[in-house]
Amino acid sequence: MTDWTDPDALDLSDSEAFDSMVDRAATREKGHFFEFFADGDELAHDPGLRLTHHGSEQWMGQTLNHDPAYWRADTARERGFDERPVHPDYLLACVMGITVEDLSEKGGYFLGRDDVTFHQPVTAGTPLSVTSTVVDTRTSSSRPKYGIVTWETEGRDRETGETLVSYQRTNMIPRREPAATDGGAVGEQDEGGPALPETLVSPDGKYFEDFRRALDTAQEEHAAVAYRHERGRTMDDQLVAGLPLATLNTARQHHNRDEMADSPSGDIVAYGDVTRSIALAHARSDEATYREHRFADERFHDFVTLGDTIYGFTRVLDCDPDAGPERAGAVTFEHVAFNQDQTPVYSGRRTALIQRDT
Ligand SMILES: CC(C)(COP(=O)(O)OP(=O)(O)OC[C@H]1O[C@@H](n2cnc3c(N)ncnc32)[C@H](O)[C@@H]1OP(=O)(O)O)[C@@H](O)C(=O)NCCC(=O)NCCSC(=O)C[C@H](O)C(=O)O
């Protein structure tokens with residue numbers, strides 16, 4: 001009888017024998033199907049990521065986020081930071097990245113995120129501690145193979161316990177067993193939506209006053225303040241596979257071409273946080289950002305794959321002169337990332353403090 005503990009018992013040159021062993025072997029699974037999650041469940045994520053300047057700079061460089069306050073100590077101090085912080089997009093991607101193994105590694109789509117709040121600037125060397133609570137689970141009525149789960153996630157400094165960033169995110173998660181659905185019947189359709197504005201106004205500059213003047217002009221002319229950004233960034237391996245892995249994001253969609261070959265995209269797709277950060281970088285390059293504050297109603301409309309190019313479009317929704325420190329005012333934007341075919345892939349509302357022209 002063969003001793004199967006003998007290292008030489010399996011002849012790897014016999015490909016038929018090896019095929020048969022692999023086909024019959026049970027798979028040690030990673031991640032969780034939809035059925036695992038129940039409302040109110042709490043999960044602690046523990047991969048042990050520590051934020052670094054190297055990680056932040058790699059993220060910023062690749063996504064075109066070139067704000068000097070996150071690169072240089074003198075500019076950081078001029079902008080009111082005690083110490084040079086890590087970039088908020090990197091922080092957010094890291095906090096979400098280390099939740100993926102427990103929440104979304106099984107695959108499925110990252111649909112959106114809401115109530116993203118940056119509680120304080122965060123410096124390199126901060127070790128993260130991240131927890132999530134399941135706040136909603138429901139069957140997808142249009143896709144029987146998936147359920148829809150919403151989690152509330154909080155990223156803290158592991159040493160001090162202080163909250164750094166918090167948000168709610170929603171994903172489609174594969175079901176172990178497909179469900180009976182109502183077929184995704186939809187209610188009354190909105191006929192056409194509001195008429196588009198005849199005039200689109202663009203701010204003359206990058207300061208708070210420029211956005212405010214543009215909004216005042218637009219209101220007088222029944223126009224909208226909306227403009228596109230010139231830069232584009234084509235998705236390469238570094239962006240699609242490299243950046244998510246650097247944040248310990250284990251979602252197969254970003255790095256396993258074999259698994260993704262049979263998916264609707266036919267290939268690996270970009271991490272939503274990378275796509276978003278590129279569009280935000282395009283927008284930030286046309287403004288004098290002071291601080292990031294919060295994001296709401298973020299949605300991922302379509303997938304982005306290798307070779308796609310990400311552009312940005314911005315609409316200005318509101319200006320609040322009283323919301324910031326003396327040298328900045330709050331501007332609320334709607335940012336849209338779109339690809340080379342002008343298909344929107346991401347949209348979100350962002351409130352940021354923008355420097356005054358003084
Ligand atoms: C995901 C899509 C293929 C869906 O397309 P479509 O079916 O046309 O869209 P619907 O609008 O009908 O949505 C389907 C159901 O999902 C619900 N939904 C949609 N958005 C939200 C939201 N923000 N919050 C809650 N629920 C939402 C709808 O109500 C529908 O429900 P039901 O009718 O009951 O079925 C398409 O949107 C798509 O391709 N999107 C892009 C996805 C993507 O590429 N995301 C980023 C990359 S993946 C990633 O980053 C993974 C990440 O690492 C991770 O681990 O999360």
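Both backbone and side-chain heavy atoms feed into the values below; hydrogens, waters and symmetry mates do not. Each ligand, and each atom within it, is numbered from 1 in the order the structure gives.
With distances taken over non-hydrogen atoms, the option nearest atom 32 (P) of ligand 1 out of G147, S141, G272 is S141. Comparing heavy-atom distances from atom 52 (C) of ligand 1 across K106, Q253, R138, H254 singles out H254 as nearest. For atom 26 (N) of ligand 1, the candidate residues are D136, N249, T170; the nearest heavy-atom contact is made by T170. Considering only non-hydrogen atoms, atom 27 (C) of ligand 1 lies nearest to L111 out of L111, D114, D297. By heavy-atom distance, the residue among I148, T150, T99, D302 lying nearest atom 16 (O) of ligand 1 is I148.
Between E287 and R350, at least one side-chain N (NZ, or NE/NH1/NH2) sits under 4.0 Å from a carboxylate O, which counts as a salt bridge.
Distances from ligand 1 to the non-hydrogen atoms of A270 include at least one value under 4.0 Å. Using a non-hydrogen distance threshold of 4.0 Å, E298 does not register as a contact of ligand 1.
For an aromatic pair to be called close, the ring centres must be under 6.0 Å apart, and Y167 with F295 fails this.
When all heavy atoms of H32 and I173 are compared, the pair lying nearest together is O-CG2, 3.7 Å.
In this structure, R228 fails the cation-pi test against F338, since its NZ or CZ atom is not both closer than 6.0 Å to the six-membered ring centre and inside 45 degrees of the ring normal. Judged by the 6.0 Å distance and 45° axis criteria, R213 is not positioned over the aromatic ring of Y207.
If you look at Y109 next to ligand 1, the close heavy atoms, those under 4.0 Å, all belong to the side chain. Contact annotation: for T275 versus ligand 1, there are no heavy atoms closer than 4.0 Å. Counting heavy atoms under 4.0 Å from ligand 1, residue P244 does not touch it at all.
Considering both main-chain and side-chain atoms, F110 comes within under 3.5 Å of ligand 1 through a nitrogen or oxygen pair.
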Y109 vs F303, ring pair (Phe, Tyr, Trp, His ring centres under 6.0 Å): CA-CA, chis, key distance, verdict: CA-CA 9 Å; Y109 305 91; F303 52 75; 7.4 Å; no
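Heavy atoms of other residues, nucleotides or ligands lying less than 6.0 angstrom from CZ of R315 number 12 at most.
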